[in-house]
Engineer: 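Structure incoming, see below.
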Amino acid sequence: MADETSTRRVFAHPTYKNFTITDIRPNQSVMMVPDIYGPNGKMTAKVHYESADPDILSVDETGKVTGLKEGYGEILAYACGKLARYGLEVIDLPKGIKGFTGHRGFRKLCVENTMPSFKMAVEAGCDFVETDISVTKDKQLVLFHDTNHMKRMMGMDMKISDFTLEELKTMKFVSGAHLENYPDVRIPTFEEYLELIEHSESNPMIELKDESLSKENSDLLVTIRDMIDAHHLTKRCRVTSAIKDNLLAYEKINTSHHELWYILEKDFEDLDLLVQHQWNYSIKHSVAKKDFCQKVLDAGLKVDVWIINDAKVAKKLLSWPCTSMTSDICLFNH
């Protein structure tokens, strides 16, 4: 019996099957050029574009689509006598209602915790740019999330504390968002980050990630405090940690009255602890309880909800009892 699929005719056609973006912001643009497939696979052909909802989405002759106002619209792409259509929602997320924090810069758009990632968040207009402090073998402060294992980002089963700063500066990343665009990026120092933030309109959100900061390297907390102050960021900074001992240790030397934040990712309702220490509340979205967040705000403290990478979720949070939200991408209008 003949294979029916071998005699089946394939007509050249455009498709958006590999396109994954579902929403954009007003004034944001994205290229929406469809793939075109013919009998012999992917091919090139002339495409004509139209917006089915021109008051919501515009599109030019190159396939560049721009959000105009909030709503749902569709883009039509004609090629080879066939039509491909794709729906996009324009979601209006203005700044000013809530603050927006770039997580490790924009870790889904650039290699996390690197200068290009921080610069991307700054240039987008993030209210805060978050990072993680780690300590090197020679007691230098660098920015790296995985303090106890470098395998995910650097491809080696070692710790940051196993290397000096000079040694770390020779190492290349093996993974990270769009690493191909930043082949020579290196682990930055805390000083480099502070220098960038000081001369920007964004504010620092500094996580005391390294457990040694409340143990053998507790003396470096004074260094961290003084570096923040030296860069004129005293009233602009948030100092955070998921390690209670790190916060307690910093609290003892916090003569500059830097804003302190307790990071939590499990169910937590100890309002007395937060009020006693004047720790603001950073809570994972999946376990956040609206009524407790309201109690925190009513107590005169602040609330940050993380990690929010969905614009629809962020839109709902605009009416939530929270001060800010932290994202791996740029969600707000800019």
Side-chain angles (χ1 to χ4, degrees), residues 19-32 51-59 64-75 86-110 112 116-131 177-178 197 200-205 236 238 240 261 263 265 280-290 293-294 296-297 302-334:
F19 202 78
T20 58
I21 295 176
T22 59
D23 52 71
I24 60 174
R25 278 0 107 230
N27 301 314
Q28 180 185 354
S29 297
V30 60
M31 293 303 297
M32 287 190 59
S51 172
D53 306 275
D55 57 330
I56 296 172
L57 296 169
S58 69
V59 60
K64 180 181 178 180
V65 176
T66 302
L68 301 178
K69 70 174 185 179
E70 195 164 53
Y72 177 83
E74 289 191 336
I75 295 300
Y86 195 90
L88 277 178
E89 193 162 1
V90 181
I91 299 178
D92 189 7
L93 278 169
K95 292 183 62 183
I97 300 174
K98 305 294 180 187
F100 289 91
T101 301
H103 186 221
R104 307 178 207 170
F106 279 146
R107 69 178 296 257
K108 293 291 187 182
L109 305 179
C110 188
E112 66 178 57
S117 188
F118 299 142
K119 289 175 183 177
M120 188 179 291
V122 164
E123 289 169 1
C126 278
D127 299 288
F128 288 86
V129 179
E130 190 267 354
T131 191
H178 301 290
I197 301 299
S200 76
E201 295 184 3
S202 298
N203 302 297
M205 186 167 180
R236 293 169 54 186
R238 291 178 173 181
T240 78
W261 287 72
I263 303 172
E265 56 180 318
N280 299 286
Y281 182 50
S282 179
I283 184 66
K284 189 175 183 178
H285 177 249
S286 61
V287 298
K289 294 181 178 178
K290 195 172 183 179
C293 290
Q294 185 63 60
V296 174
L297 288 183
K302 298 176 182 178
V303 176
D304 182 83
V305 183
W306 55 273
I307 296 293
I308 312 301
N309 290 337
D310 186 310
K312 293 180 182 179
V313 174
K315 183 76 173 180
K316 292 179 181 178
L317 285 174
L318 292 182
S319 62
W320 251 58
C322 64
T323 311
S324 58
M325 62 188 84
T326 297
S327 311
D328 293 325
I329 58 176
C330 186
L331 289 173
F332 53 87
N333 306 341
H334 70 284

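In this chain, numbering begins with 1 at the start of the sequence shown.
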Engineer: How many angstroms lie between CD1 in I24 and CG in L57, if you round to the nearest 0.5 Å?
Structural biologist: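 Reported value, rounded in 0.5 Å steps: 5.5 Å.
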Engineer: Looking at every heavy atom in both I283 and V287, which two are closest together, and how far apart are they?
Structural biologist: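 Closest approach of I283 to V287: CD1-CG2, 3.6 Å.
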Engineer: What's the separation between atom CZ in R107 and atom CG in L109, rounded to the nearest 0.5 Å?
Structural biologist: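 Atom-to-atom, R107:CZ and L109:CG are 11.0 Å apart.
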Engineer: Could D55 and K69 be called an ion pair, given the rule that one side-chain N must be under 4.0 Å from one carboxylate O?
Structural biologist: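 Salt bridge between D55 and K69, a charged N being under 4.0 Å from a carboxylate O: yes.
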Engineer: How long is the gap from NZ on K64 to CE on M32, to the nearest 0.5 Å?
Structural biologist: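 Between K64 NZ and M32 CE, I get 14.5 Å after rounding to 0.5 Å.
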Engineer: Could you work out, with ring pair (Phe, Tyr, Trp, His ring centres under 6.0 Å) as the rule, every residue matching F106, not counting sequence neighbours?
Structural biologist: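 F106: no ring pair (Phe, Tyr, Trp, His ring centres under 6.0 Å) contacts found.
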Engineer: For the residue pair I91 and N333, what are the closest heavy atoms and their distance?
Structural biologist: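 Looking at all heavy atoms of both residues, the closest pair is O-OD1, 4.0 Å.
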Engineer: Looking at R238 and E130, is there a salt bridge between them, counting it only when a charged N and a carboxylate O are closer than 4.0 Å?
Structural biologist: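 Salt bridge between E130 and R238, a charged N being under 4.0 Å from a carboxylate O: no.
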Engineer: Output yes when a side-chain donor or acceptor of D53 lies under 3.5 Å from a complementary backbone atom of E74, and no otherwise.
Structural biologist: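 Confirmed, D53 side chain pairs with E74 backbone.
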Engineer: M325 and F100: side chain to side chain contact (heavy atoms under 4.5 Å, CB included), yes or no, with the steps?
Structural biologist: CA-CA 5 Å; M325 62 188 84; F100 289 91; 3.7 Å; yes
Engineer: Tell me whether S202 contacts the main-chain N or O of C126 through its side chain, where contact means a donor paired with an acceptor under 3.5 Å.
Structural biologist: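 Pair found, side chain donor or acceptor close to backbone of C126.
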Engineer: To the nearest 0.5 Å, tell me how far T323 OG1 sits from N280 CG.
Structural biologist: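 Those atoms lie 7.5 Å apart.
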Engineer: Counting distance only, does the side-chain N/O of S51 pair as donor-acceptor with the main-chain N or O of V59 below 3.5 Å?
Structural biologist: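 Not at all, since once roles are kept as given, no pair shorter than 3.5 Å links the two residues.
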Engineer: Would you check if W306 and K284 make a side-chain contact, meaning some heavy-atom pair closer than 4.5 Å?
Structural biologist: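 A side-chain contact under 4.5 Å exists here.
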Engineer: Calculate, to the nearest 0.5 Å, the distance between atoms CD1 and CG belonging to I97 and L318 respectively.
Structural biologist: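 If I round to the nearest 0.5 Å, the distance is 5.0 Å.
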Engineer: Distance-only, no hydrogens or angles: does the N203 side chain make a donor-acceptor pair with backbone N or O of D127 under 3.5 Å?
Structural biologist: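 Checking the backbone N and O of D127 against the side chain of N203, a donor-acceptor pair under 3.5 Å is found.
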Engineer: I'd like to know if the side chain of Y86 and the backbone of F19 have a donor-acceptor N/O pair within less than 3.5 Å.
Structural biologist: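 It does hold such a pair.
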Engineer: Hey, does P321 have a side-chain heavy atom less than 4.5 Å from the side chain of V303?
Structural biologist: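 Not touching, per the 4.5 Å side-chain cut-off.
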Engineer: Got a donor-acceptor contact below 3.5 angstrom from the R236 side chain to the I197 backbone?
Structural biologist: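 Checking the backbone N and O of I197 against the side chain of R236, a donor-acceptor pair under 3.5 Å is found.
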Engineer: Search all heavy atoms of W261 against all heavy atoms of D304 and return the closest pair with its distance.
Structural biologist: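 So the two residues come closest at CZ3-N, 3.4 Å.
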Engineer: Whether R25 engages the ring of F332 as a cation-pi pair (distance to the six-membered ring centre under 6.0 angstrom, angle to the ring normal within 45°) should be assessed.
Structural biologist: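 So R25 doesn't make the cation-pi contact.
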Engineer: Run the side chain to side chain contact (heavy atoms under 4.5 Å, CB included) check on V90 and D23 step by step: do they pass?
Structural biologist: CA-CA 6 Å; V90 181; D23 52 71; over 6 Å; no
Engineer: Taking W320's backbone N and O only, do any of them form a donor-acceptor pair with K98's side chain (distance below 3.5 Å, no angle check)?
Structural biologist: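 It does hold such a pair.
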Engineer: Determine yes or no for a side-chain-to-main-chain donor-acceptor pair under 3.5 angstrom, with S117 supplying the side chain and R104 the backbone.
Structural biologist: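 Between the backbone of R104 and the side chain of S117 there is a qualifying donor-acceptor contact (under 3.5 Å).
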Engineer: With a 4.5 Å heavy-atom cut-off, do C293 and C322 have their side chains touching?
Structural biologist: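 No - every pair of side-chain heavy atoms lies 4.5 Å or more apart.
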Engineer: What's the spacing between I56 CD1 and L68 CG if we round to 0.5 Å?
Structural biologist: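 Going from CD1 on I56 over to CG on L68, the span is 8.5 Å.
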Engineer: Consider side-chain contact (heavy atoms from CB on, under 4.5 Å). Of D328, L317, T326, T101, which one does I308 pass it with?
Structural biologist: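 Of the listed residues D328, L317, T326, T101, the side-chain contact (heavy atoms from CB on, under 4.5 Å) partner of I308 is L317.
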Engineer: Among all residues two or more places apart in sequence or in another chain, which pass the salt bridge (Lys or Arg N to Asp or Glu O under 4.0 Å) test with K289?
Structural biologist: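 Listed in chain order: D267, E269.
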Engineer: Give me the atom names and distance for the closest heavy-atom approach of L331 to A314.
Structural biologist: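 Between these two residues, the closest heavy atoms are CD1-CB, 3.9 Å.
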Engineer: What do you reckon, is NZ of K95 surrounded by more than 12 foreign heavy atoms closer than 6.0 Å?
Structural biologist: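 More than 12 within 6.0 Å, yes.
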Engineer: Counting only heavy atoms from other residues, nucleotides and ligands, does the tally under 6.0 Å from NZ of K315 exceed 12?
Structural biologist: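 Yes.
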Engineer: Determine, stepwise, if the pair H285 / I307 fulfils side chain to side chain contact (heavy atoms under 4.5 Å, CB included).
Structural biologist: CA-CA 7 Å; H285 177 249; I307 296 293; over 6 Å; no
